[in-house]
2 protein chains.
Amino acid sequence: MERTSSADGGRESLVDKAYREIRQRILDNVYPAGHRALEQEYADELGLSRTPVREALLKLQSEGLVEVMPRHGARVLPVSPDDMRDIYEMLTAIEPMAAELVARKKLPAADLKPLIDASRDMTAALKHDDLDAWASADERYHRLLIALAGNRLLAETVQGLWDRAHRARMVTLRLRPRPVNSTREHNAIVDAIRTGDAKEAARLYRHHRERGSSELLALLEKARISSL
Amino acid sequence: MERTSSADGGRESLVDKAYREIRQRILDNVYPAGHRALEQEYADELGLSRTPVREALLKLQSEGLVEVMPRHGARVLPVSPDDMRDIYEMLTAIEPMAAELVARKKLPAADLKPLIDASRDMTAALKHDDLDAWASADERYHRLLIALAGNRLLAETVQGLWDRAHRARMVTLRLRPRPVNSTREHNAIVDAIRTGDAKEAARLYRHHRERGSSELLALLEKARISSL
DNA sequence: GCGCACATTAACGTATACATTAACGCATCT
DNA sequence: AGATGCGTTAATGTATACGTTAATGTGCGC
């Protein structure tokens, strides 16, 4: 029986390994939408027995990345425009609540610094037309905001929604306009949070999310990703 | 190997049976918070082998009802006041979005009739001081609203949150004031939906949820359910 | 060619076996 | 009494075996 050591000295179970590997391959489009393989095939590919692979696939199914169909294996789910609409409706509901919770807490400046830094880094990246740096700072900003909200359920739910949307977002990454609006909105949200204006923070965030999702959904419609 | 036929002629897998049984026992407080048993113990109790029980427990863990701890079995999780706060923050974000989506759709009267009926049934139950009938109509109202929103992710997420909160709500069922405010709010929400006023529907729903969750959280604090 | 019946096969759900090792119990030392 | 070390045990994660049956392929009749 095989044990794999992870970088920090802990032990990664084979279920976790299978989950991580398969999930990564889906997110990287190594297994594109529609890809289908039997439990044993996935297991063969990973050099594991079927049992941990099965557990991993069931977990990935509960997260919406695959569909397990008896005798037909596990199929990588496409992300349809309807799926994306559902995901963005949920994000539009939840993320502003996160901004609201953060603003309501009136956190000390030291706690808000990483968020402010991320926002500033986005502004700088935009000035240098460095889209990759901008995306990296953007991700940081959103993660920090969700974490600062201090609601574990919320953070987990939002993370799961981001994961579901990931592939569709990657398709459009280079198709989106320069993130001038986004950057301005991020800064405005941070300002509202710093002044403890919860309502305004939520309003601004919602506007940010709605504008962003409209753009993305339009691009997806254009790119016709129904087969993704 | 055992197969169980369900009422509608389909076949219930042993995983599903284990999941359903254990979940029911948790929700009914047969397994109270803190109850702990090993995989094999649960399996013995259900007359199954360990494999399907393990899968069921992992699923229940992902839903927040149990915590699986290697060598210590699966423990039924209490619902702490912090948990409830997290859950209600999430519901406060998501449910008004559902009301908004329903109102925005401007559904035909026939589609809204079941919702209107549920609301009317609550009013009638209140007049007769029939709390059970009121609770039943209340549940119907909320389920219908979430379903009418037409977002599967939203419905699943909300259902999961309700399940998590279920036990705590049961503790307080007889402690809450007569649902006069609730009933009025339900009716107002339905009116906003009928007139297609999405903003107003969301605003009213949010107020409804906030008032309801404040009451419940206060009762839980009083009942000191930290041990539940 | 199409539809149906039947036989075969293998995928899956489940049960069981096995290896690892965390947890426990006990003895000893300070 | 508390801390430490050691040996034993059993709970879990994993591998493998087994029974069920859905899916597929083949043959036959119209």
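So that the names make sense, note that chain A is the first sequence line, chain B the second, and so on, each numbered from 1. The structure displayed is predicted, hence computed values, not measured ones.
- What separates CE of B:Met69 from P of C:dT21 is a distance of 19 Å, to the nearest Å.
- Scanning atom types as modelled, no donor and acceptor separated by under 3.5 angstrom connect the side chain of A:Arg50 and the base of D:dT16.
- Checking side-chain atoms of B:Gln61 against main-chain N and O of B:Val68 turns up a donor-acceptor pair under 3.5 Å.
- Per the geometry, CD belonging to A:Glu12 stands 21 Å off P belonging to D:dT12, to the nearest Å.
- Checked against D:dT14, C:dC12, C:dA23, the side chain of B:His72 finds its nearest nucleotide in C:dA23.
- A heavy-atom distance below 4.5 Å is found between the side chains of B:Ile26 and B:Arg167.
- Rounded to an integer number of Å, the gap from A:Leu48 CG to D:dT16 C1' is 15 Å.
- One can place CD of B:Gln40 at 12 Å from P of C:dA17, the figure rounded to the nearest angstrom.
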Open item on the list: Could you go through B:Tyr19 and B:Gln24, starting from their C-alpha distance and side-chain angles, then the distance that decides it, and tell me whether this counts as side-chain hydrogen bond (donor to acceptor under 3.5 Å, both in side chains)?
Closed with: CA-CA 8 Å; B:Tyr19 169 79; B:Gln24 196 59 52; over 6 Å; no
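- The CG-C1' distance, from B:Leu38 to C:dC24, rounds to 13 Å in whole Å.
- With rounding to whole Å, A:Glu55 atom CD is found 13 Å from C:dT14 atom P.
- DNA chain C is contacted by both A:Glu39 and A:Thr51; A:Glu39 maps to the nucleotide lying nearer its 5′ end (nearest heavy atom per residue).
- We find the CD-CZ distance between A:Glu39 and A:Arg50 to be 5.0 Å, quoted to the nearest 0.5 Å.
- The side chain of B:Pro70 has D:dT12 as its nearest neighbour among D:dT14, C:dC12, D:dT12.
- With C:dT16, C:dA11, D:dT14 as the choices, the nucleotide that has an atom nearest any side-chain atom of A:Arg71 turns out to be C:dA11.
- Following rounding to the nearest Å, A:Tyr42 (OH) and D:dT14 (P) show an atom-to-atom distance of 19 Å.
- The CG-C1' distance, from A:Leu14 to C:dT20, rounds to 12 Å in whole Å.
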